[in-house]
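Shown next, in structure tokens, is the structure this report addresses.
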Amino acid sequence: MCRPSNTAKAALSTGGELAPPSSAAAASPHHQYYPRHFYFAKEGKGRGASRARSRLDPLNAKVESITSKWLKARIDDPSMVLPPSVLLSADGALVYPDRWRSLPVAFAVAACYLISLCPNIVMLVVGIVVMYFESDLYSGVVHVVLDDPKNLDRSNYLMEAIMFQGCLEFQWHHAIPRDIVIKGLLSSCADLNVVVFANMIVIAMVHGVPFVAGGDDRDDDDDRRRLLWSLLGLKLLYGYFGQLNHLMAHESEGRRPRAVRALQDNRVMLDQGRHNGHHRTYDDNYCLLGHMDWAVRLIDERCVPDLGGRRHHVWFAIWMVMSVFCLPCAVVPVVRAIAGCIYYYAE
Ligand SMILES: [Zn+2]
Ligand SMILES: [Zn+2]
């Protein structure tokens, strides 16, 4: 199964804190993980130098405290190799930046508008069901990529822009599992701002915008494009739903609403025990709705060659291909086919 590579194992947590550093940690050169610059830097270092006080300061303070414990331990044992996420924090990367929290609200409104473009109610209902599973699989693929410490080593601006910060936060989430609860839902949804925006731009460039002819002038292509964009709207809302699932999987028993507990018990929302499984081994249970882990395992075993230790490149390619082509080339035809069968049997 897809295992966190290199020093990630050294960073595995026990009881919510980073495990004691060990000289048995895999040997990766210290400098290997340093990107050329950080988009978000700590106070006094780079672009974050003048940043205002943030509501996420307590989380960043916890990162500081864990990082300094590791650095002190390395003074006692100079042969020790620290996890890349810790090295990057020590080098000035800000792990929990405060993102624009108004954007998820704007994106959610835009998503509702896109969903309203769906050609008809049957396709919408089918789309809601199919996208539930597609979004779950997508969350698993993204999680595999962001959990891999090798992806912290992508030393070019594009890769850093796409995933450096996400990798850093996902890998620190293993050390501080309740970070998502402390952040709150809006900040957690704001973590998706860049991915959502990039996804919409790419879909528009590759497949065209949804603002097409209406009424009698609509043809099959227009309907296909409307369906595509309505599915994209659903995917966005499911992305936010995935963040809610993840948050609730880490929330304490007494603070989870009764409705959420019922949905978790019935496996509509991510089951807490299943997600705890991910936090024990970090090599399974990646999906944030908890249904498509079998598919992630299948892809890992059957479709991802080793390529001399470069499996993370293959997983990254799978993520990119899924982002651009999964909806138009797989989900749209499936939704139309199922809707077609429903029309046929309803007549
Ligand atoms: Zn993880
Ligand atoms: Zn988690």
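Atoms within a ligand are numbered from 1 in the order they appear, just like the ligands themselves. Values reported hereafter were calculated over all heavy atoms of this structure, with side chains retained and with hydrogens, waters and symmetry mates removed. Since the model is a prediction, treat every value here as computed from it, not as a measurement.
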Does any N, O or S atom of His174, backbone or side chain, fall under 2.8 Å from the Zn ion (ligand 2)?
no
Row for the Zn ion (ligand 2): angle NE2 (His250) to NE2 (His279), 10° precision, value 90°
So, His174 versus His279: side-chain donor-acceptor pair below 3.5 Å or not? no
* Please determine if the Zn ion (ligand 2) has an N/O/S atom from His278 lying under 2.8 Å away. => no
Before you tell me yes or no, could you show the steps for Trp315 and Asp300 under side chain to side chain donor-acceptor pair (under 3.5 Å), namely the whole-Å CA-CA distance, both residues' side-chain angles and the distance that decides it to 0.1 Å?
CA-CA 8 Å; Trp315 270 109; Asp300 190 67; 3.2 Å; yes
- Query: Using the ring of each side chain (for Trp, its six-membered ring), is Phe241 parallel, tilted or perpendicular to Tyr132, with breaks at 30° and 60°?
  - Reply: tilted
Only one of Ile182, Asp191, Asp57, Ile176 passes side chain to side chain contact (heavy atoms under 4.5 Å, CB included) with Tyr96, and that residue is Ile176
Row for the Zn ion (ligand 1): angle NE2 (His143) to OD2 (Asp147), 10° precision, value 90°
Aromatic ring centroids of His250 and His173 under 6.0 Å? yes
Here the vertex angle at the Zn ion (ligand 2) for NE2 of His246 and NE2 of His275, given to 10°, is 90°
